[in-house]
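Each remark here refers to the structure printed beneath this line.
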Protein chains: 2
Amino acid sequence: MAEATIRDVARQAAVSVASVSRALNGLANVHPDTRARVLAAAKDLGYVPHAGARSLSLARTHAIGVVLPDLHGEFFSELVRGLDREASARGYHLLLSNMHDKGDHAAQALRTMHGRVDGLVIMAPHIDPAVIAAMLPARLPTVTINTPSGPGGNALRVDNRAGAEAMAHHLVALGRKRIVHIAGPEGNSDAQERLEGFRAALPSDVELQVLPGDFSQASGEQATEALLKAGDAFDAIFAANDMMALGALQALRGAGVAVPQEVAVGGFDDVPLARYLSLTTIRVHMTEIGSRAAARLIDALEVRGAEPLHELITPALIVRATTVTE
Amino acid sequence: MAEATIRDVARQAAVSVASVSRALNGLANVHPDTRARVLAAAKDLGYVPHAGARSLSLARTHAIGVVLPDLHGEFFSELVRGLDREASARGYHLLLSNMHDKGDHAAQALRTMHGRVDGLVIMAPHIDPAVIAAMLPARLPTVTINTPSGPGGNALRVDNRAGAEAMAHHLVALGRKRIVHIAGPEGNSDAQERLEGFRAALPSDVELQVLPGDFSQASGEQATEALLKAGDAFDAIFAANDMMALGALQALRGAGVAVPQEVAVGGFDDVPLARYLSLTTIRVHMTEIGSRAAARLIDALEVRGAEPLHELITPALIVRATTVTE
DNA sequence: CTGTTAGCGCTTTCAA
DNA sequence: TTGAAAGCGCTAACAG
């Protein structure tokens with residue numbers, strides 16, 4: 001026996017499919033008796049509406065597509081949690097699609113979302129906005145997260161610049177004069193903005209040395225080890241993200257360098273690990289970003305004439321033991 | 001102008017919709033010229049197939065539903081990453097649905113998946129399997145993860161018992177005689193199995209004290225503090241998961257108790273934090289579990305006559321600095 | 001209040 | 001090799 005359809009219910013209740021649809025969807029114009037019969041028949045047959053068919057008919061899926069790069073664990077789950085919280089509260093599902101591969105596979109993934117979702121949340125700090133725009137399935141409402149986009153469309157962005165500035169002011173206020181920045185990957189706009197904001201906020205009497213990194217803990221460790229070997233003097237490290245800062249911390253510890261007495265260390269993101277290890281950092285609340293993104297998208301979907309909006313989220317400086325002693 | 005449909009393409013290419021369908025899906029029986037015209041027209045119009053309509057027609061969505069409880073961050077992302085890796089490699093999407101609420105909302109979430117997904121991966125260590133079975137949308141292929149299910153249907157389970165036994169043997173081999181177990185939540189089958197396996201593996205000359213916990217770091221910390229206050233002697237703590245073990249560690253450190261000299265500490269899960277903090281634990285590789293679950297489900301979906309299978313995954317003991325000195 | 005019917009966009013017999 | 005048409009399961013006019 002196949003799944004019961006609306007027609008089976010109609011037959012069993014001896015009414016038309018239209019009445020079943022109306023009864024089940026709680027429309028007003030249904031006689032109580034009819035409704036009762038329909039409900040009974042539906043329960044009897046274990047009828048479950050076919051969401052796919054419903055979507056096709058309504059041109060509404062109540063699902064939102066989520067396209068993410070291969071995020072570090074904590075980031076990923078916090079972001080998805082935020083998205084899910086808002087989405088499910090408002091009756092939407094999440095359709096996930098990691099964008100690990102290069103452009104080609106990603107474009108493919110995006111295309112297959114057409115007709116499955118009502119809108120898209122897309123995060124791509126490492127991809128040219130023009131490329132993204134080109135892949136987008138036509139007029140699908142979209143909100144981007146941390147994408148270096150021009151105007152037009154909804155966008156949520158972390159104010160990396162402001163965050164990095166806050167870190168700069170903090171380190172300078174501590175009297176640090178020879179500061180090292182471990183940068184993120186080249187093409188990454190977050191990384192770029194953090195570096196620029198940091199550099200711009202340093203007074204001229206502070207030396208800044210920039211080392212390459214790739215956001216991985218290992219790269220932070222290596223950069224720091226190289227630094228130590230080179231014998232250059234420095235009194236602070238600001239890594240473009242927490243994982244690299246933790247790597248730096250490890251290298252310093254291994255070399256017997258006192259933190260924060262000799263070298264202060266700051267990161268960016270405030271991953272759970274950072275709190276645990278008392279790392280001074282810039283807090284980026286991914287859960288909140290996720291729910292805001294979902295909220296904005298759903299608003300755009302449901303509220304007619306919702307204006308596209310660019311929202312800049314200012315992250316907060318969290319001072320912990322890697323920059324100050326108690 | 002609305003989205004181009006297959007009909008627009010047909011008109012533009014001056015062929016029937018059937019030919020468009022055949023051409024676009026790469027069927028053999030299409031004249032090269034026709035195919036070329038269709039491809040040109042499709043590209044010209046920016047045509048993207050409507051996945052929803054396609055699904056309805058094929059009775060195949062190429063999506064798998066994922067129903068999870070509110071997992072701790074690292075768990076969640078690792079599991080989802082594993083699922084996604086396998087799913088996207090085999091051309092499937094993931095439709096997420098967190099099961100935070102009690103049964104009612106969860107059942108609702110499950111129902112709305114009917115007609116949107118081809119199968120379900122469901123994880124619910126805290127819910128009665130009978131309840132789950134009752135909510136399942138009819139004959140939807142399903143694989144359960146760590147669900148205390150009876151036979152029937154696909155199931156992946158971590159061998160909690162074996163893991164806990166390994167920990168017991170390890171602690172006993174270290175000569176520990178007064179061991180404390182901080183347990184997980186009452187209704188949770190993982191927690192239960194870990195306790196049972198642990199208890200069963202301890203020789204009679206070892207004292208075991210069981211304290212309640214709820215898998216949160218705070219509960220591990222509190223339990224340990226209470227223990228210290230009570231003044232009972234103990235030389236090892238085995239927490240039912242890593243987060244509680246970390247809480248215990250913190251409490252011990254705060255009280256100036258030497259780990260592992262005075263008290264050895266073990267956890268369960270091997271979350272990233274555990275590695276970082278050198279916690280002895282039992283490794284549960286969630287990424288692998290995720291991809292295996294997806295693989296099994298897709299096999300069941302695509303391979304005719306794939307036998308339902310119960311797979312027991314044995315986790316490994318990872319010895320680190322909280323139980324042995326180097 | 002209820003039933004009939006025409007789609008939603010696509011695939012797939014079945015004939016030609 | 002192609003086209004016409006039925007149909008996937010549901011909703012929404014439009015008549016009664």
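Quick note on labels: first sequence line is chain A, next is B, and so on, each numbered from 1.
If you take NE2 of A:His50 and P of C:dC8, they are 19 Å apart, rounded to a whole angstrom. Rounded to an integer number of Å, the gap from A:Leu58 CG to C:dG7 P is 17 Å. Atom NE2 of A:His114 is separated from atom C1' of C:dC10 by 11 Å (rounded to the nearest Å). We find that CZ of B:Arg60 is positioned 16 Å from C1' of C:dC10, with the value rounded to whole Å. Between the C1' atom of C:dT5 and the CZ atom of A:Arg7 lies a distance of 12 Å, rounded to the nearest Å.
Bounding nucleotides for the chain A contact on DNA chain D, 5' to 3', at a heavy-atom distance below 4.0 Å, are D:dC8 to D:dA13.
A distance of 14.0 Å separates CZ in B:Arg54 from CG in A:Leu56, rounded to the nearest 0.5 Å. Rounding to the nearest 0.5 Å gives a distance of 10.5 Å between OG of B:Ser291 and CG of B:Asp84. Remark: A:Thr287 OG1 to A:Phe75 CZ distance equals 10.5 Å, nearest 0.5 Å.
Using modelled atom types, no side-chain atom of A:Asp118 and backbone atom of A:Leu301 make a donor-acceptor pair closer than 3.5 Å. Distance alone, capped at 3.5 Å, is enough to place a donor-acceptor pair between the B:Ser16 side chain and the B:Ser19 backbone. Here the side chain of B:Asp159 pairs no donor or acceptor atom with the backbone of B:Ile313 at under 3.5 angstrom.
B:His62 and B:Ser55 form no side-chain donor-acceptor contact under 3.5 Å, judged by distance and modelled atom types alone.
Under the 4.5 Å side-chain criterion, counting only non-hydrogen atoms from C-beta, B:Thr61 is not in contact with B:His93.
Nucleic acid contact class of B:Leu56 (heavy atoms, under 4.0 Å, all strands): base.
By the 4.0 Å N-to-carboxylate-O rule, B:Glu193 lies close enough to B:Arg157 to be salt-bridged with it. Between B:Asp299 and B:Arg90, at least one side-chain N (NZ, or NE/NH1/NH2) sits under 4.0 Å from a carboxylate O, which counts as a salt bridge. Electrostatic pairing of A:Asp8 and A:Arg11 counts as a salt bridge here, judged by a charged N lying under 4.0 Å from a carboxylate O.
Note on the helix from C:dC1-D:dG16 to C:dA16-D:dT1: angle between the axes of the first and last five pairs equals 40°, rounded to 10 degrees.
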Could you go over nucleotides 1-4 of chain C and give all protein N or O partners under 3.5 Å, atom names and distances?
| residue | atom | partner | partner atom | Å |
| --- | --- | --- | --- | --- |
| C:dT2 | OP1 | A:Thr34 | OG1 | 2.2 |
| C:dT2 | OP2 | A:His31 | N | 2.7 |
| C:dT2 | OP2 | A:Thr34 | OG1 | 3.1 |
| C:dG3 | OP2 | A:Ser16 | N | 2.9 |
| C:dG3 | OP2 | A:Ser16 | OG | 3.2 |
| C:dG3 | OP2 | A:Ser19 | OG | 3.0 |
| C:dG3 | N7 | A:Arg22 | NH2 | 2.8 |
| C:dG3 | O6 | A:Arg22 | NH1 | 3.1 |

